[in-house]
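Contents: one structure, followed by commentary.
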Amino acid sequence: MIRARIIGTGSYVPEKVLTNRDLEKILDTSDEWITTRTGIRERHVAADHENTSDLATKAAESALEMAGVNAAELDYIVVGTITGDYPWPATACIVQSNLGAENAGAFDVSAACSGFIYALATAADRIQAGNCKKALVIGAEILTRVVDWKDRNTCVLFGDGAGAVILEAQEGERGILSTHLHADGSQLKLLYQPGFGTRMVPSPENLAKGEHFLQMQGNEVFKVAVRSLSDVAQTALDANGMTVEDVNLLIPHQANIRILEATAKRLNMKDDQVYINVDRFGNTSGATIPIALDEANRSGRINDGDILLFNAFGGGFTWASALLRW
Ligand code: ACO
C-alpha cells in the first residue's frame with residue numbers, strides 16, 4: 001500500500017521575541033495573568049519587512065534540506081494559512097517561486113488553526129491516490145498583524161512562525177494512517193476576522209472601527225475547543241483500532257496550556273505523551289503543529305515506528321486530526 005511518509009521537517013520563527021513583561025509596558029495586563037490563564041511566556045513577532053511567504057519559504061528550505069530533496073522534485077505545495085501575503089493569489093504560489101519548484105502545483109488552505117492538518121490531508125490523499133510522489137506541506141502565519149494591540153483579550157495569545165514537512169509516496173506501513181476533518185460554520189462569529197473580505201470592504205469607517213482585527217469570544221471557544229479536540233483525537237484512534245496507550249506522542253495545536261491540559265485529561269493521556277511548546281511561541285495558528293513537530297524531531301523525541309497523533313481546533317469552526325506511524 002502506498003502511504004504519504006514525512007521524510008523531512010523544518011521550521012522558522014522570526015528573531016524578535018515579545019515577552020509578557022514587554023506586553024505589561026503597552027497593555028493593562030501582567031505576566032502572572034497571561035501565564036496562569038494561557039501558559040504563554042513569550043512569542044515571536046515578524047519584522048516589518050517579513051511576510052508570511054518569507055517565513056514559509058525558510059521553513060520549507062529547512063525541511064527540503066533534511067529530506068535531501070530538490071525543490072524541482074516537488075509535485076505539490078500546500079500552505080495552511082489565514083494570514084497570507086495577499087487575499088489572493090495563494091501564498092503557496094509565492095513559496096513555489098521562491099523555491100524554484102517549477103514542477104509543483106500550489107495553493108493555500110484556509111482552515112485557521114486546523115490549516116496544517118487540512119493541508120496535510122489533501123497532500124496525503126493525493127499521494128495515496130497515486131497522483132503525486134513528493135509534496136511540501138506548510139503551516140505559516142503572521143497573526144500579530146491581524147490582532148488589535150489594544151485588545152488585551154486577544155493580542156497576548158498569538159505569535160508568528162512557520163513549519164513545514166516533506167511528504168513522499170512510500171510502500172509500507174509507515175506514514176499517514178488516517179486524517180479526519182470537521183467543520184461547523186454556524187458558530188463562525190465566535191472567532192473570526194469581520195473585514196476585509198467581500199462582505200465588509202475596507203472603508204475609512206470600517207478601518208476606524210477596527211473591523212479588520214481578529215475577534216473572539218474566548219470562553220465559548222474554550223469549551224468547544226476542548227470537547228472537539230478530544231473527540232477528534234479519539235476518532236483517529238478508533239479508526240485505526242488503537243487506544244491512547246498506543247500513542248508515543250500527541251502533538252496538539254498549541255492554543256494555550258489550559259486547553260492542552262483539559263484535552264489530555266479527557267483523553268487520559270500522560271504528561272510525557274503530550275508535546276508542549278506554547279510557552280515559547282504562543283498560538284501561531286496553522287503553524288503550531290509543524291513547528292512543534294520539527295522541534296520534537298530535531299531534539300530526538302521521535303523514534304522510528306512511533307505513533308504520532310496531531311489534533312487541532314480553530315476558526316470556522318474547524319477541527320481535525322491525523323494519525324501516523326513515523
Ligand atoms: N490581562 C489581564 N486581564 C485580562 C486579559 C489580559 N491579557 N485578558 C482578559 N482579561 C480580563 C478580562 O477583561 C476579564 O476581566 P473582567 O472580569 O473585569 O471583565 C477577566 O480577565 C476574565 O476574562 P475571561 O475572558 O473570563 O478570562 P478567561 O479565564 O476565559 O481567559 C482566555 C481568557 C485565556 C482567552 C480563555 O477564554 C481561553 O483560553 N479561551 C480560548 C481561546 C483561544 O485559545 N483562542 C485561540 C484561537 S482558537 C484555538 O486556537 C483553539
Side-chain angles (χ1 to χ4, degrees), residues 18-43 80-83 110-118 139 141-144 146-161 163 182-185 187-194 213-233 250-266 274 276-279 281-292 310-321:
L18 191 69
T19 65
N20 293 347
R21 295 276 180 219
D22 295 329
L23 286 170
E24 284 177 354
K25 293 176 196 148
I26 56 168
L27 280 172
D28 180 14
T29 190
S30 66
D31 176 48
E32 198 265 334
W33 192 98
I34 301 171
T35 308
T36 51
R37 302 288 174 124
T38 72
I40 299 166
R41 295 184 184 282
E42 58 190 37
R43 68 286 292 142
T81 186
I82 49 166
T83 51
S110 172
C113 301
S114 312
F116 176 74
I117 299 182
Y118 266 68
E141 306 281 10
I142 300 188
L143 261 299
T144 61
V146 298
V147 294
D148 180 353
W149 285 97
K150 295 194 183 77
D151 178 11
R152 67 179 184 173
N153 291 290
T154 53
C155 73
V156 303
L157 303 174
F158 298 99
D160 304 331
H182 299 277
D184 176 6
Q187 308 203 59
L188 78 88
K189 289 192 177 176
L190 293 179
L191 175 58
Y192 79 131
Q193 188 180 336
F213 293 131
L214 175 155
Q215 291 183 12
M216 181 181 73
Q217 306 286 327
N219 274 321
E220 294 305 314
V221 172
F222 189 97
K223 283 182 255 171
V224 191
V226 171
R227 194 174 58 240
S228 306
L229 283 163
S230 46
D231 287 354
V232 80
L250 170 68
I251 302 186
H253 166 51
Q254 311 279 319
N256 74 51
I257 195 71
R258 288 192 302 152
I259 290 181
L260 294 173
E261 286 173 354
T263 305
K265 192 171 167 204
R266 270 178 72 112
V274 186
I276 294 175
N277 66 6
V278 69
D279 51 320
F281 300 107
N283 182 346
T284 57
S285 184
T288 66
I289 291 175
I291 291 174
F310 304 156
N311 62 347
F313 177 89
F317 288 144
T318 57
W319 61 106
S321 61

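Every number for a ligand or one of its atoms is a count from 1 in the order of the listing.
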Report summary line: Min over L260, I257, L23, N153 of heavy-atom distance to atom 9 (C) of ligand 1 lands on N153
Requested in this report: Examine distances only and state if a side-chain atom of S228 and a backbone atom of A225 form a donor-acceptor pair shorter than 3.5 Å.
Outcome: no
**Report entry** For N256, the ligand 1 atoms whose distance to one of its heavy atoms is below 4.0 Å
**Finding:** 38 (C), 39 (O), 41 (C), 44 (O)
Query - Salt bridge R21-E24, side-chain N to carboxylate O under 4.0 Å - result: yes
Query raised in the report: Got a donor-acceptor contact below 3.5 angstrom from the N256 side chain to the L157 backbone?
Result: no
Query raised in the report: Looking at side-chain heavy atoms only, is the closest gap between W319 and I117 below 4.5 Å?
Result: no
Query raised in the report: Short list, please: which atoms of ligand 1 are under 4.0 Å from a heavy atom of A255?
Result: 44 (O), 49 (C), 50 (O), 51 (C)
Query raised in the report: Backbone, side chain, both or neither: what part of T29 comes under 4.0 angstrom of ligand 1, heavy atoms only?
Result: both
Report task. Please determine if R41 and D279 form a salt bridge, counting it only when a charged side-chain N lies under 4.0 Å from a carboxylate O. Result -> no
Report summary line: Under 4.0 Å from one or more heavy atoms of L191, ligand 1 contributes atoms 47 (C), 48 (S)
Report task. Under 4.0 Å from a heavy atom of I259: give me the atoms of ligand 1 that qualify, with their elements. Result -> 41 (C), 44 (O)
Query raised in the report: For ligand 1, is any non-hydrogen atom under 4.0 Å from N283's backbone (N, CA, C, O), its side chain (CB onward), both, or neither?
Result: side chain
Query - Candidate with minimal heavy-atom separation from atom 27 (O) of ligand 1, of K223, R37, R258 - result: R37
Requested in this report: Taking only heavy atoms of V221 into account, list the atoms of ligand 1 that are under 4.0 Å away from them.
Outcome: 48 (S)
Report task. Please indicate whether any nitrogen or oxygen in S30 is less than 3.5 Å from any nitrogen or oxygen in ligand 1. Result -> no
Requested in this report: Decide whether an N or O pair under 3.5 Å exists between T38 and ligand 1.
Outcome: no
Report summary line: The single option from D31, T38, T29 that satisfies side chain to side chain donor-acceptor pair (under 3.5 Å) with N20 is D31
Query - Side chains of T19 and D22, donor plus acceptor under 3.5 Å - result: yes
Query raised in the report: Heavy atoms of the protein only: does one fall short of 4.0 Å from atom 14 (C) of ligand 1?
Result: no
Query raised in the report: Quick one: are V156 and I40 in side-chain contact, heavy atoms under 4.5 Å?
Result: no
Query raised in the report: Hey, is atom 18 (O) of ligand 1 under 4.0 Å from any protein heavy atom?
Result: no
Query raised in the report: Looking only at atom types and distance, does a side-chain atom of R152 sit under 3.5 Å from a main-chain N or O of L27, one as donor and one as acceptor?
Result: no
Query raised in the report: Does atom 7 (N) of ligand 1 have a protein non-hydrogen atom under 4.0 Å from it?
Result: yes
Query - Residue, atom name and distance, where the atom is the protein heavy atom closest to atom 50 (O) of ligand 1 - result: H253 NE2, 2.7 Å
Query raised in the report: Under 4.5 Å between any side-chain heavy atoms of R43 and N283, yes or no?
Result: no
Query raised in the report: Who's closest to atom 25 (O) of ligand 1 heavy-atom-wise, of N219, L229, L214?
Result: N219
Report task. For atom 51 (C) of ligand 1, grab the closest protein heavy atom and report residue, atom and distance to one decimal in Å. Result -> F313 O, 3.4 Å
Report summary line: One finds that the ligand 1 atoms under 4.0 Å from a non-hydrogen atom of V156 are 7 (N)
Report task. Could you find the nearest protein heavy atom to atom 11 (C) of ligand 1 and give me its residue, atom name and distance? Result -> R152 NH2, 3.6 Å
Query raised in the report: Hey, which atoms in ligand 1 end up nearer than 4.0 Å to a heavy atom of C113?
Result: 50 (O)
Query raised in the report: Under 3.5 Å between some N or O of ligand 1 and some N or O of M216?
Result: no
Query raised in the report: Going by atom types alone, do T284 and E141 pair a side-chain donor with an acceptor below 3.5 Å?
Result: no
Query - Main-chain N/O of I259 paired with E261 side-chain donor or acceptor, under 3.5 Å - result: no
**Report entry** Backbone N/O of L229 and side chain of T263: donor-acceptor pair under 3.5 Å
**Finding:** no
Query - Residue part near ligand 1, for W33, under 4.0 Å between non-hydrogen atoms - result: side chain
Query raised in the report: Which of the atoms of ligand 1 are close to G218, meaning less than 4.0 Å from one of its heavy atoms?
Result: 37 (O), 40 (N), 41 (C)
Query raised in the report: So do R266 and V226 actually touch side chain to side chain, heavy atoms under 4.5 Å?
Result: yes
